[in-house]
A.B. asks: 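Here it is, the structure in full.
In what follows, chains carry the letters A, B, and so on, assigned in the order in which the sequence lines appear, proteins first and then strands, with residues in each chain numbered from 1.
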Amino acid sequence: MNTNIRRLGLFFLVAFGVILADITYWQVIDASSVAARPDNFRLGIQAAHVRRGLILDRNGQVLASRVIDRQGFVHRTYADPSLSQTIGYDSPRYGKSELEQSYDDYLSGKVFGTSWRSLINQWEHKQVVGDNLSLTIDDTLQRQVASLLPNTPSAAIVADPRTGEILAMASKPGFDANQINNSTYWTSLLQDPNSPLINRATSGYYPPGSTFKTLTLSAALDTGTESLDSVFAGTQATGPLTVSGHVFPAKINNLAECFQTPPVTLVTAFACSDNIVYAEVGLRLGATQFLRYTSAFGLSQPTPFDIPVGVSHVTNVGGSFHDVDLAAASFGQGQLHVTPLQMLMIDEAVANNGAIEKPVLVKRVTAPDGAIVKQPSPSVLYTPISAATASKVRDAMVNVVQTGSGYALKGLGIPAAGKTGTAEPGDGGRPHAWFIAFAPAEHPTVAVVVIVEHGGEGALVAAPIACHILQASLHAPGSCPS
Amino acid sequence: MRGFRFRRLELGLLVASGVVTCGGFAYLSYVENHRVLQHDMIYPGLFVLSTLVLSLWMGRFASGADQVVLPLAALVSGTGILVITRLDGALGHKQLVWTLLGEGGVAVLMVVPRHVSSFRLYKYTWASIGLFLILATIFAGTDINGSGYRRWIGAGGVYFQPVELLKILMAVFFAAYLEEKHELLSTARLKIGPVYLPPVQYLAPLVAMWGLSLVLLVKQNDLGSALLFLGIFLAMIYVGTARPVYPVTGVMMYAVGVYAAFHLFSHVRDRTEVWLDPWAHAAGSGYQLVQGLIALGVGGVGGQGLGQGMPYKVPVVTTDFILAAIGEELGMAGVVGLLALLLYLVFRGLSIAIRTPDGFQKLLATGLMSMLAIQTIVIVGGTTRLMPLTGVPLPFLSYGGSAALANWVMIGFLLKISSETMRARA
């Protein structure tokens, strides 16, 4: 019998060995992936107790703070509703968006970095305190920008072209992230035809209209195809222009409103926003060169940024790019659809000697004890044109303000450069009003883009807003049209 | 006092185990109150004291008994009370009361009956009591927790699970019967053509007893206990007859039975499906298993710390799924440590079985240790998806009054057997 008892013991030993191997699998090898399952209710409870990091503006003003209720649950409160589509929301019910989502690991204290205190807190099962975000946003300017935009769908971005730092970013209509957990409010946001949850500045798609001539001009000058003094005479300047059987009519030359008659130079055509001349310039440049420059300026590729950005495109998905499309795209129409952020980047290239700095929204991530966890340094994202070309395009944009459609900025008191856009939307409604600008013209420190959906003329609607924004950001002594 | 001896090793080990238990309770009190409440230390103090008193009692009535078994049981049992208290204070106190009763049972066993062999004489009495328990549960059982099955017997607020007593009665009966007939069972052969078959007629009482238990269990949907009974039956018959044909036949018959059950009963099918892919049923029938695995994953190697995890959403975490709570808060370190203690206890028991010259006691000790080992394997394997989940308590760790009582009685048998061996040698 004893032999059998020993064999039985051996059997139990082996069985326990198998069980231990299995426990090792669940508690070590597969532990983290099982624990990360969404039906692990602990995650939600822990998240609700995390002292989520603060979000501050560039001057230390609190934009998103935390309130701890009696049960120890942490709730988010937001100071500036005009930043709701930039900072986003953190809702136990509807999830997270924008910065709250993209920087969630930092805000919820999952990235410890340099902070020993946080690590020790975790070991001791003490309250997890998230890292703080310092944004590049200047909230004083942000509030001014938001109040300058009309209460119709519109967007504006203000940035420093030298560093790529976003100083203000507004999108209307907005929403109040403080009320996001209210299901009635949430439903009303979802049902609003103007989609207030969408950040139009980064994810709104529009035809750019004449603001896009800045890119066409840059390409033509940078390749040497044209100079600022290239002369366009007769129908070259006035149209009608026939491309592959499609007629671009004379009425789009805009010369009459500008009190000009042919012949005109390229720089005058830019100031008067002559579509015929720019269609001609695009055709002379050719599709290959044109597309090379659109890509160089960042179209057709994802823009690295702290919050999600829509990809701007020259053609529709799967669309072809024939000469007609090239001619239309050259003055900002056709299949082109771009985001305001993309137009800002084109504007910045001209302002910053041909280089586009990587756009930045988060200036610094700091641990609760103040240690710096992450601090991105400015870096050049694209260099689409040479400094010499940028300088020439800047002169053309200064000329727009001095003699052309950018007259709204004439009284700013600081020399500014700009370009208007009046983009025909595909839906047959009123045109979208665009304006891109930067100032001071010689050493630009502020770049701005404004779009008012279905606002009408860029010169009449968007340019005055841009003027006020520049005035507010640069404390310009002059005045802007009301 | 004539014949008294201090059991020094046992007392030393009990003090060490008591330090661990009290330390655990103190830590739990500190975590929950930010200081150690005196009130929280009464219960562990009482438990540790009771084990020391039991050791002194042993020194008087069974001074030669193995000195490691009791400390092992005390350490695992104390940890069980600690974990249950952490999950539900009131249940922890109840578990302590049942444990004290169990220890009282051990003390009584040391004195009455005088010899373990007395149990052997009344084997048909045990079988009859078992039979009576089965019938009583079927006809007069109570469903006290709304499980839909009448698994309890009792009245006036005191209930016990007959299945826990049945386990021990079965082990005693099997041991007595196998000891009496083992010569016949291992030598007699029935020849049909070229095949030698075991003498079926001698097996009949065993199969009948086992079959009846199964009826009870199937009627109550208690598949875990059914599996456990089969395991004990096969282990004892293997040790008793030295013929592998029995366990092999038994396992084959079991396989056929499982196959049939899989096709006949939908709940068996459901359980198998959940076992094969719990993730697909994570919100429904697999919820318990998935939440248990999540708790194990959350615990990781070192655990979240006693009182600092959140194991309470795992269904039946205080009983069948206590391993999930232990795994979450004490981590793999705690789980492996406790299983090692249980395995060591099994080995200690098997070596007691090897040392005793008496066949009945050999078989009884083997049967009881098989019970301990198989029960652990079945529930831990079920929790960790090694096999389909069938609910049985984790010995000394799961909450359960009848189980605590039965486990301690089992320890009592072991101690008594080893004490008699020493006395016979002296």
A.B. asks: Under 4.5 Å, heavy atom to heavy atom: which of residues 84-107 of chain A reach chain B? Give them by number, or say none.
C.D. replies: none
A.B. asks: Looking at chain A, which one of B/Met369, B/Arg385, B/Lys362, B/Met310 has the largest number of heavy-atom pairs inside 4.5 Å, strictly under?
C.D. replies: B/Met310
A.B. asks: Is B/Val239 close to chain A through its backbone or its side chain, or both, or neither, when contacts mean heavy atoms under 4.5 Å?
C.D. replies: both
A.B. asks: As a quick check of understanding, evaluate side-chain contact (heavy atoms from CB on, under 4.5 Å) for B/Trp279 and A/Asp39, giving each step before the final call.
C.D. replies: CA-CA 10 Å; B/Trp279 318 116; A/Asp39 49 353; over 6 Å; no
A.B. asks: Would you indicate whether A/Leu43, at its atom CG, is surrounded by more than 12 heavy atoms from other residues, nucleotides or ligands within a distance under 6.0 Å?
C.D. replies: yes
A.B. asks: Can you see which heavy atom on A/Phe16 is nearest to which on B/Ala373, and at what distance?
C.D. replies: CE1-O, 4.2 Å
A.B. asks: Check the pair A/Arg42 / B/Glu328 against side-chain contact (heavy atoms from CB on, under 4.5 Å), numbers first and verdict last.
C.D. replies: CA-CA 12 Å; A/Arg42 293 166 189 81; B/Glu328 176 168 353; 2.6 Å; yes
A.B. asks: Kindly write out the residues that satisfy ring-ring contact (aromatic ring centres under 6.0 Å, His included) with B/Phe413, not counting sequence neighbours, or none if the list is empty.
C.D. replies: B/Phe119
A.B. asks: Tell me, side chain or backbone of B/Tyr344 under 4.5 Å from chain A's heavy atoms, or both, or neither?
C.D. replies: neither
A.B. asks: Can you tell me if A/Gln27 uses its side chain to pair, donor with acceptor, with the backbone of B/Gly299 under 3.5 Å?
C.D. replies: no
A.B. asks: Would you please go through residues 281-297 of chain B and name the residues with a non-hydrogen atom below 4.5 Å from one of chain A, in numerical order?
C.D. replies: B/Ala282, B/Val290, B/Gln291, B/Leu293, B/Ile294, B/Ala295, B/Leu296, B/Gly297
A.B. asks: Only one of A/Ile19, A/Leu20, A/Thr24, A/Ile23 clears side-chain contact (heavy atoms from CB on, under 4.5 Å) with B/Val335; which?
C.D. replies: A/Ile23
A.B. asks: With a 4.5 angstrom heavy-atom cut-off, is it the side chain or the backbone of A/Arg37 that approaches chain B, or both, or neither?
C.D. replies: side chain
A.B. asks: Within a reach of under 6.0 Å around OH of B/Tyr30, are more than 12 heavy atoms found that belong to other residues, nucleotides or ligands?
C.D. replies: no
A.B. asks: side-chain contact (heavy atoms from CB on, under 4.5 Å) between B/Phe347 and A/Leu13: does it pass, once the steps are laid out?
C.D. replies: CA-CA 9 Å; B/Phe347 276 24; A/Leu13 182 67; 3.8 Å; yes
A.B. asks: Around atom CZ of A/Phe11, are there more than 12 heavy atoms from other residues, nucleotides or ligands closer than 6.0 Å?
C.D. replies: no
A.B. asks: Are there residues of residues 1-8 of chain A that reach to under 4.5 Å of chain B by heavy atoms, and which ones?
C.D. replies: A/Met1, A/Asn2, A/Asn4, A/Ile5, A/Arg6, A/Arg7, A/Leu8
A.B. asks: Determine the option with the most heavy-atom pairs under 4.5 angstrom with chain A, choosing from B/Gly331, B/Gly240, B/Ser351.
C.D. replies: B/Gly331
A.B. asks: For each of B/Leu342, B/Leu343, B/Leu339, B/Val336, tally heavy-atom pairs with chain A at distances under 4.5 Å, and name the one with the top tally.
C.D. replies: B/Leu343
A.B. asks: What's the shortest heavy-atom distance between B/Thr384 and A/Trp26, and which atoms?
C.D. replies: O-NE1, 2.7 Å
A.B. asks: Tell me, for B/Thr383 versus chain A, whether the close heavy atoms (under 4.5 Å) come from the side chain, the backbone, both or neither.
C.D. replies: neither
